[in-house]
Amino acid sequence: QVQLVESGGGLVQAGGSLRLSCAASGRTFSSYAMGWFRQAPGKEREFVARISRGGGATYYADSVKGRFTISRDNAKNTVYLQMNTLKPEDTAVYYCAADQLYSGSAYDVKTYEYWGQGTQVTVSS
């Protein structure tokens, strides 16, 4: 069982930056791949980024590639999402998620067994 808590969301102007954090409970954080997803009102939850267990491999949605960076600090049981050059279309609730089983697609919501409560990111124009 893993508990995930996101923080760092807020209101920012277009072109600005935010850094999201996701703190995980438990002793086995380093055994999970971690992902970030987002969900805008009335839309499906969509993949944003993923990082492998040791942090050596990262994956990004085309819509955020070059602007967002996912990273992790296993000693702190924390995964981060640095978001730069934010656009109004980035507005959404952002969720972190943990993949323990490594049994599905990196981009699929169903792949991830544990989810945080979400943090709101609003980008104004």
Side-chain angles (χ1 to χ4, degrees):
Q1 187 69 41
V2 176
Q3 288 189 307
L4 306 172
V5 180
E6 302 97 333
S7 62
L11 175 64
V12 65
Q13 292 184 340
S17 299
L18 283 174
R19 190 186 193 188
L20 306 183
S21 298
C22 176
S25 66
R27 305 180 186 90
T28 57
F29 176 73
S30 63
S31 72
Y32 309 131
M34 298 294 296
W36 285 97
F37 288 74
R38 66 188 183 187
Q39 188 167 23
K43 298 184 68 177
E44 298 293 316
R45 192 167 299 187
E46 66 174 352
F47 171 79
V48 176
R50 176 184 171 99
I51 189 165
S52 61
R53 291 169 172 136
T58 57
Y59 310 86
Y60 298 95
D62 288 343
S63 59
V64 307
K65 196 172 298 180
R67 299 188 297 120
F68 291 11
T69 303
I70 188 171
S71 61
R72 68 191 297 162
D73 186 340
N74 286 348
K76 296 181 179 179
N77 276 199
T78 303
V79 63
Y80 306 96
L81 186 68
Q82 178 66 46
M83 305 185 294
N84 297 326
T85 320
L86 282 161
K87 305 175 180 179
E89 50 263 45
D90 295 318
T91 295
V93 176
Y94 283 70
Y95 299 89
C96 67
D99 173 17
Q100 183 182 46
L101 298 178
Y102 274 67
S103 62
S105 168
Y107 315 103
D108 192 346
V109 168
K110 297 182 178 65
T111 295
Y112 299 81
E113 293 85 32
Y114 306 102
W115 293 84
Q117 84 290 346
T119 185
Q120 176 71 48
V121 172
T122 303
V123 184
S124 65
S125 59

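Nothing here was measured: the structure is a model prediction, and the numbers come from that model.
Within the model, atoms CG of N74 and OH of Y32 stand 12.0 Å from one another, a figure rounded to the nearest 0.5 Å. To the nearest 0.5 Å, the span separating CD on Q39 from CD on E46 amounts to 9.5 Å. Atom CG in L86 sits 10.0 Å away from atom OG in S124 (nearest 0.5 Å). Taking CD of Q117 as the reference point, atom CG of L4 lies at 9.0 Å (rounded to 0.5 Å). Here OG of S31 is found 10.0 Å from CG of L101. Values are rounded to the nearest 0.5 Å.
Between the side chain of T111 and the main chain of S105, a donor-acceptor pair closer than 3.5 Å is present. Side-chain N or O atoms of E6 include one that pairs as donor or acceptor with a backbone N or O of G118 at under 3.5 Å. The closest donor-acceptor contact from the side chain of T91 to the backbone of V123 lies under 3.5 Å. For the pair Y60 (side chain) and I70 (backbone), a donor-acceptor distance under 3.5 Å is present. Of the possible polar contacts, one joining the R72 side chain to the F29 backbone as a donor-acceptor pair under 3.5 Å is found.
Note on Y95 and L18: separate hydrophobic clusters, where clusters join Ile, Leu, Val, Met, Phe, Trp and Tyr whose side-chain heavy atoms are under 4.5 Å apart, directly or indirectly. Residues M83 and F47 do not share a hydrophobic cluster, clusters being chains of Ile/Leu/Val/Met/Phe/Trp/Tyr side chains in contact below 4.5 Å. A single hydrophobic cluster is seen to contain both M34 and L20, as judged by linkage of ILVMFWY side chains at heavy-atom distances under 4.5 Å, directly or through other members.
Using bins of under 30°, 30° to 60° and over 60° for the plane-to-plane angle, the ring pair F68/Y94 lands in the tilted bin.
In this model, a donor atom of one side chain and an acceptor atom of the other lie less than 3.5 Å apart for R50 and Y112.
The pair K87-D90 does not meet the salt-bridge criterion, since no charged nitrogen lies less than 4.0 angstrom from a carboxylate oxygen.
Each disulfide bond (SG atoms under 2.5 Å apart) pair with one or both residues in residues 37-94, not counting sequence neighbours, would appear here, but there are none.
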